[in-house]
> 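Please find one structure pasted underneath; my questions will follow.
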Protein chains: 2
Amino acid sequence: MSTHAARVAAPTRREQILREAARLFAERGFHGVGVDEIGAAVGISGPGLYRHFPGKDAMLAELLVGISERLLEGGRRRVAEDEARGGGSPEALLDALIEGHIDFALDDRPLITLHDRELDRLRDTDRKRVRRLQREYVEVWVGVVRALYPSLAENRARVTVHAVFGLLNSTPHLARPDALPGRAATAGLLHRLARGAFAAAETA
Amino acid sequence: MSTHAARVAAPTRREQILREAARLFAERGFHGVGVDEIGAAVGISGPGLYRHFPGKDAMLAELLVGISERLLEGGRRRVAEDEARGGGSPEALLDALIEGHIDFALDDRPLITLHDRELDRLRDTDRKRVRRLQREYVEVWVGVVRALYPSLAENRARVTVHAVFGLLNSTPHLARPDALPGRAATAGLLHRLARGAFAAAETA
DNA sequence: CCCTCAGGTTAACGAGCGCTAACGACCCTG
DNA sequence: CAGGGTCGTTAGCGCTCGTTAACCTGAGGG
């Protein structure tokens with residue numbers, strides 16, 4: 001019942017648990033991983049996890065809410081930065097959004113995988129919260145895309161943004177991640193693919 | 001033990017079960033659906049399913065192997081048809097591949113969802129088989145793409161094909177499928193997006 | 001008319017798993 | 001050097017869920 005919990009210094013154990021849980025959930029699915037496995041992955045075993053989380057669901061919830069918030073926050077930050085620069089370069093802004101999303105997809109593969117795979121394992125309240133965050137993130141993109149391509153209708157822009165997310169999030173699904181041509185090259189390729197898709201969306 | 005099983009007339013019950021199981025698995029995940037629910041969805045209840053399938057795993061396996069085989073077969077058929085026509089139009093061939101895949105993504109959403117979401121719930125032998133079919137399907141696309149864009153290196157072509165699959169398979173993940181601008185328009189839009197991505201991949 | 005067999009039914013078992021209970025060791029502070 | 005808070009441990013409960021067992025029914029066929 002101790003209020004004012006989260007002090008300052010990062011509870012290393014919590015983060016360690018979250019990281020391992022994300023990896024395991026992404027590999028074998030939320031229901032396919034037992035709490036004993038998660039515990040074993042961080043050196044403690046079984047119910048010791050309950051000193052840090054109220055339950056298994058809470059770990060997944062924190063992961064999904066966290067990634068959704070970080071994605072949305074990053075998108076909004078880039079839009080704000082563009083506006084601070086005068087806001088006249090939708091091209092550069094779209095590039096910044098793409099780059100940020102690619103960083104996420106390449107550096108936090110497990111989270112990206114969980115993000116659109118295990119969403120409905122959440123309790124209603126958490127699921128709605130994550131969905132709302134995701135929707136707002138999409139709307140940030142839709143706004144930027146329509147600023148760059150004003151002739152693109154809104155619902156088509158939304159479908160396009162969804163499709164580009166699918167494109168950018170495709171690398172975690174790759175069977176052998178080592179078959180990629182290097183991080184920078186992969187990022188550059190994905191970036192060009194995304195821009196190509198957006199450009200093709202305009203030519204109605 | 002009755003050999004020469006699958007006669008001619010479709011075993012309606014089996015197909016009915018498979019269809020409902022696909023829908024439920026896609027909605028709530030393989031582990032999130034109980035056999036009682038599947039049975040209830042087809043009017044029988046619980047263990048009556050075991051008159052048609054040796055187990056729950058077998059349903060998923062049949063679904064995933066089936067879709068993988070149909071995708072690969074469709075791709076190979078289109079390549080063969082192109083070769084029969086003289087084989088000089090990689091553009092038209094790529095368009096045919098894209099169109100076939102879009103048909104799948106739009107008409108068999110549950111299967112497409114399962115296809116890259118519940119793969120690792122299969123037993124080793126089934127999973128390897130599905131993975132091999134998926135790999136061969138990718139290679140069909142890679143061959144066509146490289147025929148159209150010879151300057152595109154093989155590993156980059158493979159990443160691009162994967163990314164385009166992610167793009168084309170994005171619609172089932174859409175929260176509200178009714179927000180789509182109509183089937184034909186959606187198919188056309190996705191087609192253009194895919195072509196735009198491929199075109200962007202070439203300009204190394 | 002019986003026999004078979006496909007296709008159901010309900011009851012129940014057994015394993016897995018999330019979670020709680022009860023307890024212990026360490027560290028810090030007064 | 002007590003005493004409490006943190007962070008573990010192991011034992012075990014209770015429930016879910018896939019699967020099996022045993023039984024039933026109705027439709028052909030000889």
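The model shown is predicted, which means the values in this text are computed figures rather than measured ones. Naming convention: chains lettered A, B, ... in sequence-line order (proteins, then strands); numbering from 1 in each chain.
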> In whole angstrom, what separates A:Ile44's CD1 from C:dC19's C1'?
14 Å
> Does A:Arg51 put a side-chain nitrogen or oxygen below 4.0 Å from OP1 or OP2 of D:dT9?
no
> Answer yes if the side chains of A:Gln16 and A:Arg13 hold a donor-acceptor pair under 3.5 Å, and no otherwise.
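Distance-only check passes for A:Gln16 and A:Arg13.
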> Hey, are A:Asp82 and A:Arg85 close enough for a salt bridge, meaning a charged N less than 4.0 Å from a carboxylate O?
yes
> Checking B:His173 against B:Arg117: is there a side-chain donor and acceptor pair closer than 3.5 Å?
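Present: a donor and an acceptor within the cut-off.
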> Which nucleotide, C:dT9, D:dT19, D:dC7, lies nearest any side-chain atom of B:Val35?
D:dT19
> Under a 4.0 Å threshold between the charged nitrogen and the carboxylate oxygen, would A:Arg76 count as salt-bridged to A:Glu139?
no
> In whole angstroms, how far is the C1' atom of D:dG8 from the CD1 atom of A:Ile17?
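From A:Ile17 CD1 to D:dG8 C1': 11 Å.
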> Under 4.0 Å between a side-chain N or O of B:His31 and OP1 or OP2 of D:dG18?
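For D:dG18, OP1/OP2 do not have a side-chain N/O of B:His31 under 4.0 Å.
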> Could you check which of D:dG8, D:dG18, C:dT20 has an atom nearest any side-chain atom of B:Tyr50?
D:dG18
> Tell me: CG of B:Asp36 to P of D:dT16, nearest whole Å?
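Taking CG of B:Asp36 and P of D:dT16, I get 12 Å after rounding.
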> Quick check for you: among D:dT19, C:dG8, D:dC7, whose closest atom lies nearest to any side-chain atom of B:His52?
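Ranking D:dT19, C:dG8, D:dC7 by closest atom to the B:His52 side chain puts C:dG8 first.
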> Checking contacts here: which listed nucleotide (C:dA11, D:dG8, D:dA11) is nearest the side-chain heavy atoms of B:Pro47?
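The answer is C:dA11.
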> So A:Val42, base contact, sugar-phosphate only, or nothing? Heavy-atom distance under 4.0 Å.
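Answer is nothing: A:Val42 stays at 4.0 Å or more from every strand.
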> Please work out if B:Gly48 contacts a base, only the sugar-phosphate, or nothing of the nucleic acid, heavy-atom cut-off 4.0 Å.
base
> In whole angstrom, give the distance that lies between atom CG of B:Leu49 and atom P of D:dC17.
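Going from CG in B:Leu49 over to P in D:dC17 covers 15 Å.
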> Rounded off to whole Å, could you give me the CZ-to-P distance for the B:Arg14 and C:dG8 pair?
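Whole-Å distance recorded here is 13 Å.
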> One thing to verify: whether A:Asp108 and A:Arg19 come together as a salt bridge, which I'm taking to mean a side-chain N less than 4.0 angstrom from a carboxylate O.
no
> At 4.0 Å (heavy atoms only), tell me whether A:Gly55 reaches a base, stays on the sugar-phosphate, or touches nothing.
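Sugar-phosphate only.
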